[in-house]
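Every chain is numbered from 1 and lettered A, B, ... according to where its sequence line falls, protein lines coming before strand lines.
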Amino acid sequence: MCIITISRGSYSSGKEVAEKVAACLHYDCVSRDILLEASDRYEVDEIKLVKAIHDAPSILERRGRKKETYIAYIRSALVSRVRSDNVVYHGLAGHLLLRGIPHVVKVRIIADIDRRSAMEAQREGITLEKARSAIIADDEQRRKWTQSLYGVDPWDSSLYDLVVKVDRLSIADAVDIVCDAAKREAFKTTPASQQKMEDLVTACAVKAALIEEFPEVMVLSEYGNVIIHSASGGRHAQKIRKAVGALETTIGGINSIEVHADGNAPPGSV
Amino acid sequence: MTIIAISSDSYRMGREIGEKISKRLGYRYLDREILKEISAGSGISEEKLLKALEKTPSALGMSARDQAVYLAHIEKKVIGEFLKDNVVCHGLAAHLYVLGVSHVLKVRVLSNPEVLGKELAPGKDLSGDAMEKLIGRNENARKRWSLKAFSLDETDPSNYDMVISLNKIEINEAVKSIAEAVGYKKFKAMSYSLKCLKDEETAAEARTILFPRFPDAQVRANGPTVVVITKGMKREKQKKALIIKEMVGKIPGVNFVEVHIVNDILRQAAESLR
């Protein structure tokens, strides 16, 4: 029992690998449906969520923090969806949105640029050269997105437990390798790792509820004890205290809520 | 005949994994121990060969030409060993010069950051940030080295079939995954992939001969034909081509040497300004 996130570029066969891994392990396979859930739950246009998770924020967007709000919604929907395990997620940024959870197997599927270009050219009916440019532009967009929001490069192998290149290794071989890794002891859900997941669900739900009004808040949950950190000082903290009153009843799993306005946010906050 | 080329951010870790795989599969294990033999055969000291595998050329240290010569000798010997037997190879940069050979399984293993940090700074108690910086510096140094030596980024995952992080996966589990992956049919040697490997060996041998005199030469081999591209002035084209043909033509099995001399624009400009 674990969660598998599959990060992939366009036309890298990651989707096929994810679907086959899910079928092989009898897990659910989720991807963009998370956006629908987030759209329903937070009443935001799906297209805005798609843009938020795909395009790198522009200079204006970075100031407005709208993108971060949408990503908080998506993250909250994702962690709620995968909390009970046995899920393969192959949408964008799963390995980053589920950071800190020990029973998540983080996989990246890559493929040769020529192979990807040929697939794009065939599907879109364009020349190989145009297809190659489109794929490079798409990869660059992903790189900027990850760097601007999380300060890391998605091509950095150390972000993943496993990187598999589908080229000489076939899709079936990649499926075998991922399934085999998922059965390892290190990725089995334990009571402690499940507690971390429950805390992440709570913290993400609180953050999603507050972020529109208080975009700077950072939230941490430990065994249901929620600490909200505001970087905007005491006046804001008062407002947050008023706003969180209702959350204890609307969001499950909360024992207590504290609001802090001094120092840095505790490590592991979302 | 099967070959596994292992790259790692830690020599110690790569060696441990390489030895375990070779034991499990009954393959021969090849690492920097072979530098002794290369040294004996080439007359280049073991220390210089090791330096070529670890350091980037600099104005005060090893020159780019020397590094190219040393690496060519290593390449020639390692490929020769690959042609003999089932081999697990680590620490000799094989993943960078047999990239086009389909039956070589290329794997990169990333150490647990805490273990790597302790290995890079033994005896020091580094904070998380300092350790991260140290690991980053080490990675950048390897990146610079591989770009300079083979025009390839060693840290780029697309140069491997598989990258395994030992953050959560244990060494024995990684060994098992690699040993199983090599059983996939694409990693079985075929006549074409063996020919590619033989061609690489011929090209490496030509480099060992040419690089001391023509360090910018680009060499490719295709069966008994060797193609050499190098820079030169218009007036010396013929002479240079003849010398190269004579030098490379001595390699056993080579019966045709094609030489292309590309105009050396910079030298030409420098001479016209004199």
Side-chain angles (χ1 to χ4, degrees), chain A residues 2 4 7-9 12 95 99-116 135-136 139 151-188 190 193 267-268, chain B residues 7-10 95 99-114 116-117 128-129 132 135-136 138-140 143 153-188 190 193:
Chain A
C2 68
I4 302 170
S7 159
R8 58 188 169 89
S12 57
H95 58 292
R99 266 195 302 195
I101 304 299
H103 58 274
V104 176
V105 189
K106 297 180 283 291
V107 179
R108 182 160 174 85
I109 301 293
I110 57 174
D112 188 64
I113 185 82
D114 293 335
R115 178 193 159 105
R116 294 170 69 197
I135 283 175
I136 290 171
D139 283 351
V152 291
D153 182 350
W155 284 89
D156 178 357
S157 309
S158 64
L159 296 175
Y160 310 94
D161 297 301
L162 208 55
V163 181
V164 182
K165 185 176 179 184
V166 176
D167 181 11
R168 284 175 311 144
L169 285 170
S170 66
I171 292 175
D173 298 338
V175 171
D176 273 357
I177 292 168
V178 177
C179 288
D180 200 37
K183 290 172 192 161
R184 306 272 190 229
E185 203 55 43
F187 299 111
K188 292 236 162 82
T190 61
S193 70
Chain B
S7 155
S8 178
D9 52 4
S10 149
H95 52 283
L99 210 61
V101 181
S102 68
H103 68 276
V104 181
L105 171 67
K106 289 169 279 284
V107 183
R108 183 160 171 83
V109 183
L110 301 175
S111 313
N112 180 310
E114 273 180 39
L116 181 62
D129 271 0
E132 210 173 291
I135 291 171
N138 183 54
E139 190 173 294
N140 284 338
K143 197 175 186 170
D153 178 359
E154 187 176 65
T155 64
D156 180 354
S158 60
N159 290 326
Y160 303 92
D161 297 298
M162 203 162 44
V163 182
I164 301 175
S165 164
L166 298 180
N167 227 339
K168 276 194 273 175
I169 296 176
E170 289 190 2
I171 292 176
N172 289 338
E173 292 172 340
V175 168
K176 183 174 172 269
S177 296
I178 298 167
E180 281 172 6
V182 85
Y184 295 129
K185 63 177 180 188
K186 283 282 174 72
F187 302 108
K188 301 278 173 243
M190 289 177 299
S193 65

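Ranked by heavy-atom pairs shorter than 4.5 Å toward chain A, the options B:Leu166, B:Asp156, B:Val163, B:Leu110 are led by B:Val163. Listed options A:Ala186, A:Ser157, A:Ala172 were ranked by heavy-atom pairs under 4.5 angstrom with chain B; first place goes to A:Ser157.
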Before giving the answer on side chain to side chain contact (heavy atoms under 4.5 Å, CB included), spell out for B:Asp153 and A:Trp155 the whole-Å C-alpha distance, their side-chain angles and the decisive distance to 0.1 Å. CA-CA 12 Å; B:Asp153 178 359; A:Trp155 284 89; over 6 Å; no

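Residue B:Asp161 comes nearest to A:Leu169 through the heavy atom pair O-CD1, 3.4 Å, listed as atom of the first residue, atom of the second, then distance. Across all non-hydrogen atoms, the minimal contact from B:Ile169 to A:Asp161 is CD1-O, 3.7 Å.
Side chain of B:Lys168 to main chain of A:His103: no donor-acceptor pair is present (N/O by atom type, distance under 3.5 Å, no hydrogens or angles). Side chain of A:Arg168 to backbone of B:Leu105: no donor-acceptor contact under 3.5 angstrom is found.
The CG atom of A:Asp156 lies 6.0 Å from the CD atom of B:Glu139; values are rounded to the nearest 0.5 Å.
Of the atoms belonging to B:Val109, not a single heavy atom falls under 4.5 Å from chain A. Proximity to chain B is limited to the backbone of A:Asp167, based on heavy atoms less than 4.5 angstrom apart. Contacts of A:Ile110 with chain B are made by side-chain atoms alone, with heavy-atom separations under 4.5 Å and no backbone atom involved.
Here the side chains of B:Tyr160 and A:Val163 are not in contact, with every heavy-atom distance at 4.5 Å or above. Taking the side chain as every heavy atom from C-beta outward, B:Glu180 and A:Asp176 never approach each other to under 4.5 Å.
Ion pairing between B:Lys186 and A:Asp173 fails under the 4.0 Å rule for side-chain N and carboxylate O.
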